[in-house]
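All residue numbers in this chain count up from 1 along the given sequence.
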Amino acid sequence: MSSMAANPFHKQAARRAERILRSATASRWLARAVFNRSDQLQQRLGEAAGQLKLLARMLLDWATGRYRQVPWATLLTITGALVYFLMPLDAIPDPIIGLGLLDDVGVLAKAWQFARQDIERYQQWRSQQGDLQGGECHDE
């Protein structure tokens, strides 16, 4: 997450991510909040909404103990990206139509690039669970 740490908002997201990961309850709350916000912004986010939901599902599965094969650096990276997505004040405020979500999507893209192999392993695991869609966010 070092590349994300250059921006003070990224630093704040990284600190929050560490605190959230110490609590399964907070991790589950974050995952649910990202699902809700992704649904609300589905049209504006396009493909990124699905990526956000997959990362939220990965965090939720980790927090509930269903899937624990996630390296700590990957957990910090994806959690930081999810926190950044939810932060009301980031580099470009979300209400600025057309630009507001660009920085969020940029952070998501960096996190995705960093964690690609772990995300792909998680997707393989999910397909083996018979949980291909899993767009909903509930605790099992």
Side-chain angles (χ1 to χ4, degrees):
M1 193 125 152
S2 59
S3 65
M4 290 177 71
N7 178 322
F9 296 112
H10 295 157
K11 281 185 185 177
Q12 187 178 5
R15 283 194 304 273
R16 286 183 184 178
E18 284 193 66
R19 285 196 306 268
I20 287 167
L21 287 170
R22 289 190 206 119
S23 164
T25 301
S27 297
R28 288 191 303 266
W29 177 89
L30 175 63
R32 284 190 212 100
V34 169
F35 267 87
N36 292 337
R37 185 98 168 109
S38 296
D39 282 344
Q40 291 168 358
L41 298 173
Q42 178 81 41
Q43 289 202 311
R44 286 178 59 198
L45 287 168
E47 183 182 319
Q51 292 177 325
L52 283 161
K53 288 178 182 183
L54 179 65
L55 295 184
R57 170 50 74 186
M58 188 174 175
L59 175 63
L60 183 66
D61 283 339
W62 176 83
T64 58
R66 286 187 70 208
Y67 183 79
R68 289 298 218 170
Q69 296 80 21
V70 188
W72 187 250
T74 294
L75 273 174
L76 273 176
T77 299
I78 66 172
T79 304
L82 297 176
V83 166
Y84 191 82
F85 170 66
L86 289 180
M87 287 173 64
L89 296 173
D90 47 30
I92 304 172
D94 293 346
I96 298 175
I97 308 275
L99 293 178
L101 293 172
L102 277 181
D103 62 325
D104 295 358
V105 172
V107 168
L108 173 64
K110 287 242 184 252
W112 196 273
Q113 183 180 15
F114 174 84
R116 169 167 266 130
Q117 288 181 325
D118 296 317
I119 294 167
E120 288 171 359
R121 274 193 289 274
Y122 172 71
Q123 287 176 303
Q124 288 173 346
W125 175 82
R126 287 214 35 211
S127 67
Q128 292 168 354
Q129 306 307 301
D131 191 14
L132 288 172
Q133 295 300 316
E136 296 304 310
C137 183
H138 15 49
D139 299 318
E140 278 89 40

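Partners of Gln69 according to the side-chain contact (heavy atoms from CB on, under 4.5 Å) rule, which considers only residues two or more places apart in sequence or in another chain, are Tyr67.
Atom CH2 of Trp125 sits about 11.5 Å away from atom CZ of Arg68, to the nearest 0.5 Å. The CG atom of Asp39 sits 11.5 Å away from the CZ atom of Arg37 when rounded to the nearest 0.5 Å. The CE atom of Met58 sits 7.0 Å away from the CG atom of Leu75 when rounded to the nearest 0.5 Å. Summarising the geometry, atom CH2 belonging to Trp62 is positioned 9.5 Å from atom CD1 belonging to Ile78; distances are rounded to the nearest 0.5 Å. Atom CD in Gln124 sits 12.5 Å away from atom CD1 in Ile119 (nearest 0.5 Å).
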Which donor-acceptor pairs under 3.5 Å do the side chains of residues 19-27 make with protein atoms, sequence neighbours left out?
from	atom 1	to	atom 2	distance (Å)
Ser23	OG	Thr25	N	3.3
Ser23	OG	Ala26	N	3.0
Thr25	OG1	Arg28	NH2	3.4
Ser27	OG	Ile20	O	3.1
Ser27	OG	Ser23	O	3.0

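Partner of Thr74 under the side-chain contact (heavy atoms from CB on, under 4.5 Å) criterion, out of Thr77, Leu76, Val70: Val70 alone. Put simply, the residue from Val107, Leu55, Leu52 that forms a side-chain contact (heavy atoms from CB on, under 4.5 Å) with Trp112 is Leu55.
The environment of CD in Gln113 is sparse: at most 12 heavy-atom neighbours from other residues, nucleotides or ligands sit within 6.0 Å. Other residues, nucleotides and ligands contribute at most 12 non-hydrogen atoms within 6.0 Å of the CD atom of Glu47.
Taking every heavy atom of both residues into account, Phe35 and Arg57 meet most closely at CE1-N, 3.7 Å.
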